[in-house]
There are 2 protein chains.
Amino acid sequence: MARAATTSDAFNAVAEPRRRQILTFLAVDEREVGEIVAAVGLDQPSVSKHLGVLREVGLVHVRRNGRHRLYRTNAEAIRPLYEWTGTFERYWRHQLNRVKERAEVQMVHNSEEASAKEK
Amino acid sequence: MARAATTSDAFNAVAEPRRRQILTFLAVDEREVGEIVAAVGLDQPSVSKHLGVLREVGLVHVRRNGRHRLYRTNAEAIRPLYEWTGTFERYWRHQLNRVKERAEVQMVHNSEEASAKEK
DNA sequence: ACATTACATTCCTATATAGGAATATGTCAA
DNA sequence: TTGACATATTCCTATATAGGAATGTAATGT
């Protein structure tokens, strides 16, 4: 089996760095495609294709205005990723604590060594 | 250009559902490969390959114990994803508020319509 | 030394890109 | 209608999988 399609879910869509860049750019306010092209420095067809992927997984909203299309990040669609990654928060907290504790033990150990040497 | 390698960063590594499953399983406590195989229901070589990807991007730690290898999720490596997705939190809050406001306006509108009809 | 257990690695193939080039579609203005 | 502009779509190719099958490797018990 090959890799899952980029359009299969938000996780796959967001794996591409340029798409993350676009999402960041479109989070603040809606922009037309030309502005996005200028912002990311890819040529227009590539940007349109990335926007197509983002559209298909619901990561952006589009609105037509004359010959322009105004895109905007749909932050709601990023939320599942935030929540999944957030389930690991307690673990990295624990890991940090363990590292800190070890560091403190180490410091005590070192200062005891230092005192011993002074004698 | 083809898609970026799954080993290029945590975003790409985590795009694969089985790898997310493995990370969740290994978050609580370290496990040997056989246990992971039983847990995810893939055959051993596939699991080993997924573990290889997770290893290469630092999403898991390994420890050898005799002929076993004990894997464990390195939650720290998931943190960047949590933080990136978290930058959109204020936007989905705003979006929620807008939806709520519209809903409330709509409800007022509806009840006014209802009152009007009653007359 | 040898069989066994626990994993990792290699080989294979169908599939899906990402970007470049070229072209199609749709909308406005004169 | 015609032309210019804005965006989307199609065609092309090199590349990278994910999983299945087969094989390699390292550690243990006897």
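Sequence lines set the chain letters: A, B, ... in the order given, protein chains first and strands last, and positions in each chain run from 1.
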**Request:** Look at the aromatic rings of A/Tyr82 and B/Tyr82 and report parallel, tilted or perpendicular, splitting at 30° and 60°.
**Result:**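 The rings of A/Tyr82 and B/Tyr82 lie parallel, inter-plane angle below 30°.
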**Item:** 5'-most by nearest nucleotide on DNA chain C - B/Lys49 or B/Ala2
**Value:**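 Looking at the nearest nucleotide for each, B/Lys49 comes out on the 5' side.
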**Asked** Nearest nucleotide by nearest heavy atom, which residue falls closer to the 5' end of DNA chain C, A/Thr7 or B/Leu51?
**Response**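 Between the two, 5'-proximity favours B/Leu51.
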**Request:** Let me know which of A/Val62, A/Asp29, A/Val28 forms a side chain to side chain contact (heavy atoms under 4.5 Å, CB included) with A/Arg72.
**Result:**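 That would be A/Asp29.
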**Request:** Give a yes or no on whether the backbone of B/Ala15 and the side-chain of B/Arg20 come within a donor-acceptor separation of less than 3.5 Å.
**Result:**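 Judged by distance alone, yes, a pair lies under 3.5 Å.
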**Item:** Flag, side chain of A/Arg19 to backbone of A/Val14, donor-acceptor distance under 3.5 Å
**Value:**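 No, the answer is negative, given that no donor and acceptor are paired below the 3.5 Å cut-off.
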**Opening and closing nucleotides of DNA chain C in contact with chain B, under 4.0 Å to non-hydrogen atoms** =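 Contact span on the strand: C/dT4 to C/dG19.
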**Request:** Please test B/Thr24 against A/Phe88 for side-chain contact (heavy atoms from CB on, under 4.5 Å), starting from the C-alpha separation and ending with a verdict.
**Result:** CA-CA 8 Å; B/Thr24 300; A/Phe88 295 89; 4.0 Å; yes
Contact summary for [X] and [Y], nearest pair of heavy atoms:
X       : Y       : value
A/Leu59 : A/Ala13 : CD1-CB, 3.8 Å
A/Ala27 : A/Thr73 : N-OG1, 3.3 Å
B/Ala5  : B/Ser8  : O-OG, 2.5 Å
A/Thr87 : A/Trp84 : OG1-O, 2.6 Å
B/Trp92 : A/Glu76 : CB-N, 3.8 Å
A/Leu42 : A/Val37 : O-CG1, 3.3 Å

**Message:** Five pairs per end, C1' atoms only: what is the angle between the end axes of the helix from C/dA1-D/dT30 to C/dA30-D/dT1, to 10 degrees?
**Reply:**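 If I round to tens, the end axes sit 10° apart.
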**Request:** Would you kindly compare A/Arg3 and A/Leu70 by the position of their nearest DNA chain D nucleotide and give the one closer to the 5′ end?
**Result:**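 Residue closer to the 5' terminus by nearest nucleotide: A/Leu70.
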**Prompt:** Pick the nucleotide of DNA chain D nearest each of A/Arg55 and B/Val53; which residue has the one closer to the 5' end?
**Reply:**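 Nearest nucleotide further toward 5': that of A/Arg55.
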**Request:** Report which part of the nucleic acid A/Thr6 touches: base, sugar-phosphate, or nothing (heavy-atom distance under 4.0 Å, all strands).
**Result:**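 A/Thr6: backbone/sugar contact only, no base atoms under 4.0 Å.
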**Request:** Would you mind building the protein contact string for nucleotides 22-30 of chain D? One character per nucleotide, 5' to 3', B for base within reach (heavy atoms under 4.0 Å), S for sugar-phosphate only, - for untouched.
**Result:** B---SBB--
**Message:** With a 4.0 Å limit, can you tell me whether A/Tyr71 has a side-chain N or O closer than that to the phosphate oxygens OP1/OP2 of D/dA6?
**Reply:**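 Looking at the OP1 and OP2 atoms of D/dA6, neither is under 4.0 Å from any side-chain N or O of A/Tyr71.
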**Request:** Mind calculating the distance between CG (A/Asp43) and C1' (D/dT9) to the nearest angstrom?
**Result:**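 Result: 14 Å.
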**Nearest-angstrom distance from the residue atom CG of A/Leu42 to P of D/dA8** =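 In whole Å, D/dA8 P and A/Leu42 CG are 14 Å from each other.
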